[in-house]
Q: 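Following this message is one structure expressed as structure tokens.
Whatever order the structure lists ligands and atoms in, that order sets their numbers, starting from 1. These values consider heavy atoms only, across backbone and side chains, with no hydrogens, waters or symmetry-generated copies.
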Amino acid sequence: MSGTVRVRVNVNGETRENEVEPRLLLVHYLRDVLGLTGTHVGCDTSNCGACTVHLNGDAVKSCTVLAVQADGAEVTTIEGLSSGGDLHPMQEAFWANHGLQCGYCTPGMIMSATDLLRRNPNPSEEDVRKGLEGNLCRCTGYHNIVKAVLDAAQTGGDGSVDEPAPPKPEAREEMTKGVGA
Ligand code: FES
Ligand code: FES
């Protein structure tokens, strides 16, 4: 195809190769070309963080990166975080601590939070609040999100706080894919 560029990106451990428009944003490549709709678009001002993924291990807002800039890179999305049907400890911690309501911000929050703990495995509450500054949530008031991240840091997110009810299958689906996709 003329006017397009071939990109080869390792997404969630799988090599994907596609012809894309040079101006296509990574978030649209993930959602519209690859069908990975767990990565959300929540703004057009690079503000909300709903689109956060890992690019070569670092959390980035995928609406600020072109797909061609991810050529040759490794990308992890929320769909790639859980393994073999098991939730990632951070996803477990969000569930156990009621760190989500509508779930729209949750995939981006979780991708930022996992990067935060990778950089700082034992953060203070202030570190967590600061680390998640780039992710907006209009529902929770952040308190339970911060609690979830601190729980994940301390317990691996095994649900030891607040004795949560066992997650329903559809709720677990929400944790990995988000809602409103
Ligand atoms: Fe990327 Fe809002 S959609 S920051
Ligand atoms: Fe609704 Fe965060 S849970 S925006």
Q: With respect to atom 2 (Fe) of ligand 1, please indicate if C48 possesses an N, O or S atom at a distance under 2.8 Å.
A: yes
Q: What are the atoms of ligand 1, with element, lying closer than 4.0 Å to any heavy atom of C51?
A: 1 (Fe), 3 (S), 4 (S)
Q: Starting from atom 3 (S) of ligand 1, locate the nearest protein heavy atom and write down its residue, its atom name and how far away it is, to 0.1 Å.
A: G42 N, 3.4 Å
Q: Verify the distance test for C43 against atom 2 (Fe) of ligand 1: any N/O/S atom under 2.8 Å, yes or no.
A: yes
Q: In ligand 1, which numbered atoms sit nearer than 4.0 Å to a non-hydrogen atom of C63?
A: 1 (Fe), 3 (S), 4 (S)
Q: Counting distance only, does the side-chain N/O of R118 pair as donor-acceptor with the main-chain N or O of G57 below 3.5 Å?
A: yes
Q: So which of V27, V60, V53 actually passes side-chain contact (heavy atoms from CB on, under 4.5 Å) with V65?
A: V60
Q: Is it the side chain (CB and beyond), the backbone, both or neither of N47 that lies under 4.0 Å from ligand 1, heavy atoms counted?
A: backbone
Q: Can you pull the salt bridge (Lys or Arg N to Asp or Glu O under 4.0 Å) pairs that have at least one residue in residues 128-144, sequence neighbours excluded?
A: E125-R129
Q: Can you list the residues that meet the side chain to side chain donor-acceptor pair (under 3.5 Å) rule with R119, with sequence neighbours excluded?
A: D58, D115
Q: Any donor and acceptor pair, going by atom type alone, linking the side chain of R8 with main-chain N or O of T15 inside 3.5 Å?
A: no
Q: Please report how many protein N/O/S atoms lie under 2.8 Å from atom 2 (Fe) of ligand 2.
A: 2
Q: Can you tell me how far apart CG (N135) and CE (M111) are? Round to the nearest 0.5 Å.
A: 11.0 Å
Q: Please round to the nearest 0.5 Å and tell me the distance separating atom CG of N12 and atom OG1 of T76.
A: 5.5 Å
Q: Distance check, rounded to the nearest 0.5 Å: T39 atom OG1 versus L26 atom CG?
A: 8.0 Å
Q: Looking at S46, which atoms of ligand 1 are within less than 4.0 Å of one of its heavy atoms?
A: 4 (S)
Q: Among residues two or more places apart or on two chains, list those pairs meeting salt bridge (Lys or Arg N to Asp or Glu O under 4.0 Å) that have a residue in residues 60-74.
A: none
